[in-house]
Amino acid sequence: MSRLKDLQKNLFGGTTSNARQFGMIFTLVAIVLLFQIWTGGLTLTSGNLIAVVSQYSYILILAIGMLMVIVAGHIDLSVGSVAAFTGIVVAKAMQEYDLPWPLGIVLGLLVGAVIGAWQGFWVAYVGVPAFIVTLAGMMLFRGGNQYIGNADTVPVPEGFREIGAGFLPEVGPDTGYNNLTLLLGIVACAGMVWREWRARQTRREMNADVPPLWVTGIRLAVMLGVIVFATLRFAGGRIGTSLPISGIILIALVLAYSYYTRNTIGGRHIYAVGGNARAAELSGVKLKRVNFMVMMNMSVLAALAGMIFVARSAASGPQDGLSWELDAIAAVFIGGAAVSGGLGTVSGSIVGGLVMALLNNGLQLEGVGSDMVQIIKGLVLLLAVAFDVYNKRQGRFSIIGTLMRPFRREELAVPAALASQTADPDKTPVAG
C-alpha cells in the first residue's frame with residue numbers, strides 16, 4: 001500500500017513531478033487510443049502524425065502566447081486578424097518589392113511587434129479592457145488584410161515556404177529513418193534523463209524529500225517511451241518527410257517559454273498579476289509593463305503563426321486566420337488555465353491544443369462533416385469544463401483540480417516571493 005501511495009504522490013501530485021504535464025499526457029493518450037481503434041489504426045501512422053503537426057503547429061504557437069495573456073487576466077480576440085494582416089504584408093513585400101524571404105520573416109515579426117505595442121499601449125497605459133482593444137483590433141486588422149491584398153490571394157516564394165511546409169533534410173547513411181529526427185530524439189531522451197537526475201540532486205541539496213528511485217524510474221520510463229515512439233514515427237515517414245520545420249519552431253518556443261514562465265522573475269510576475277494584480281503591484285511588480293509585454297508578445301507570436309500558415313499554404317488570402325483565436329483560447333482552457341487568470345502552464349496549453357487537434361483530425365479521418373466537427377468540439381470544450389466545475393462545487397473528484405493542486409501552493413506564494421525579490425537587500429526584515 002505504501003508503494004502505491006508513493007507512486008500516486010510522486011508520479012501525479014508530488015512536488016518533483018509536473019502533475020499537469022503527466023495528467024494531461026495520459027488524457028491525450030486515451031483520446032489517441034480511442035481514435036486509433038475507431039479509425040482502424042490510421043491515427044498513429046507516420047503520415048498522419050506528421051500532417052497533424054504541420055497542420056496545427058500555428059494554433060499551438062498561438063496557444064503559447066494566449067496562455068500568457070489569459071494567465072495575466074486578459075483575453076486577445078485579434079490574433080487571427082493579426083496573423084492574416086502580417087501574412088499579407090509579408091507576401092506583398094516579397095512579391096512587389098522583391099524582398100528576400102529571410103528579411104520577409106524579420107519584417108513580419110516587426111509588424112507583429114508594432115501591432116502588439118499598439119494594443120499593449122491601450123491596455124496597459126490607457127486602461128481600456130483587453131477584450132475591447134482586441135475586438136477593435138480584430139476588425140481593424142481583418143479590414144487591413146483585405147484592403148492591402150484587395151481581397152485576393154498573394155503567392156510567396158519557394159524559400160519562404162520552408163518554414164511552413166519544409167521538413168528536416170535527409171543526411172548521413174541510409175538507416176531507413178530520417179537521421180536528423182533520430183538525433184533530435186536522442187538529444188531529447190538525454191535531456192529528460194539529465195532533468196530527472198538534476199531534480200533529485202537539487203532536492204538533496206535542499207534537504208527536501210527525494211522520491212524513491214523506482215518511482216523516478218517509472219516516471220522516466222513513461223516520458224522516454226513517449227519520446228522514442230514519437231521519434232520513430234516522425235523519422236519513419238515516407239521519403240522526403242520527417243519532423244516539420246514548423247514543429248521544430250514549436251518545440252523551441254515551448255522550451256523557451258516554459259523556462260521563462262517557470263524560472264524567471266518576469267515569468268512569475270505574469271502569474272502574480274493574474275492572481276492578484278493589486279497585491280502584485282504592492283509587492284513591486286510593474287503592472288503596466290507586464291500587461292504591455294504580454295499583449296506585445298501575443299501579437300509577435302500571432303505574426304509568426306500567420307507566416308507559418310502562409311508558407312504552408314504557399315499564398316496569403318483574405319480568409320486566413322478566421323476563428324484562430326477561438327482554437328487558441330480553447331487549447332489554453334482545456335490545458336487547465338483558470339478563466340480568472342493566475343493559473344496555467346505552457347505544456348498544459350500545448351497538450352490541450354493537441355487534444356483539440358487530434359479530435360479534429362480523428363473526426364475528419366472518419367469522414368465526419370466540418371459542421372459536425374465544430375459542434376462536437378464545442379460540446380467537448382463546454383462539457384469538459386462544466387463537469388470539472390460541477391465536481392469542485394460538489395466537493396467531488398476534480399480532474400483539473402487534482403492536476404493543479406501542487407501548483408496552487410506555489411502560485412499562492414508568489415506575492416510573498418516577489419516581495420522578497422524586490423526588497424532592498426541591505427535591509428533585514430524584522431519579525432513581529
Side-chain angles (χ1 to χ4, degrees), residues 2-29 64 67-68 71 183-231 250-272 335-337 342-352 354 399-414 416-418 420-421:
S2 61
R3 284 179 172 267
L4 182 60
K5 289 183 178 179
D6 284 340
L7 183 62
Q8 182 181 14
K9 175 183 176 182
N10 293 290
L11 186 61
F12 298 103
T15 55
T16 59
S17 67
N18 187 326
R20 167 167 312 154
Q21 180 183 9
F22 286 98
M24 291 302 294
I25 284 177
F26 291 148
T27 302
L28 178 62
V29 168
I64 296 173
L67 179 276
M68 297 174 68
V71 165
L183 179 60
L184 283 179
I186 294 172
V187 171
C189 289
M192 186 61 61
V193 172
W194 179 86
R195 179 189 178 204
E196 288 293 329
W197 175 82
R198 184 58 186 163
R200 293 179 65 86
Q201 291 296 108
T202 300
R203 293 188 65 79
R204 286 196 183 96
E205 293 171 0
M206 297 174 61
N207 293 322
D209 292 335
V210 180
L213 186 60
W214 66 272
V215 173
T216 301
I218 292 177
R219 182 169 62 242
L220 192 58
V222 170
M223 292 306 299
L224 291 180
V226 172
I227 294 173
V228 170
F229 177 82
T231 299
L250 173 63
I251 292 171
L253 290 174
V254 169
L255 294 176
Y257 278 90
S258 293
Y259 179 83
Y260 176 77
T261 55
R262 298 168 67 179
N263 300 102
T264 68
I265 295 176
R268 303 315 298 171
H269 282 183
I270 298 173
Y271 285 91
L343 200 64
T345 64
V346 171
S347 58
S349 298
I350 293 299
V351 176
L354 288 174
I399 298 174
I400 297 177
T402 299
L403 296 179
M404 290 311 303
R405 192 176 294 122
F407 296 94
R408 290 199 181 98
R409 290 195 294 270
E410 295 174 7
E411 288 163 3
L412 287 174
V414 166
L418 291 172
S420 64
Q421 292 169 356

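Position 1 is the first residue of the sequence, and the numbers go up from there. All figures in this text were calculated on a predicted structure; none of them were measured in a lab.
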Minimum heavy-atom distance between [X] and [Y], given as atom pair plus value:
X	Y	answer
I227	C189	CG2-SG, 3.7 Å
I64	V346	CG1-CG1, 4.2 Å
G185	T231	CA-OG1, 3.3 Å

Inset, instruction - Report yes or no: does R203 contribute a side-chain atom to a donor-acceptor pair with the main-chain N or O of A208 at less than 3.5 Å? - result: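 Pair absent, no side-chain N/O of R203 close to backbone of A208.
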Inset, instruction - Would you confirm whether R268, through its side chain, and T261, through its main-chain N or O, come within 3.5 Å as a donor-acceptor pair? - result: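 Judged by distance alone, yes, a pair lies under 3.5 Å.
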Legend entry - Intermediate values then yes/no, side chain to side chain contact (heavy atoms under 4.5 Å, CB included), I251 and L184: CA-CA 11 Å; I251 292 171; L184 283 179; over 6 Å; no
Legend entry - Neighbour count >12 (heavy atoms, 6.0 Å) for atom OH, Y259: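 Open: at most 12 neighbouring heavy atoms sit under 6.0 Å from OH of Y259.
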When rounded to the nearest 0.5 angstrom, what distance separates [atom1] in [X] from [atom2] in [Y]?
X	Y	atom1	atom2	result
Y271	L343	OH	CG	8.0 Å
R262	S347	CZ	OG	6.0 Å
M192	L224	CE	CG	7.0 Å
I350	S258	CD1	OG	8.0 Å
I270	I265	CD1	CD1	13.0 Å
M223	L220	CE	CG	9.0 Å

Inset, instruction - May I ask you to test the V71-T345 pair for a side-chain heavy-atom distance under 4.5 Å? - result: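 The answer is no, as the side chains (C-beta and beyond) never meet within the 4.5 Å cut-off.
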Legend entry - Distance-only donor-acceptor check, side chains Q201 and R204, under 3.5 Å: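 Yes, a side-chain donor-acceptor pair sits under 3.5 Å.
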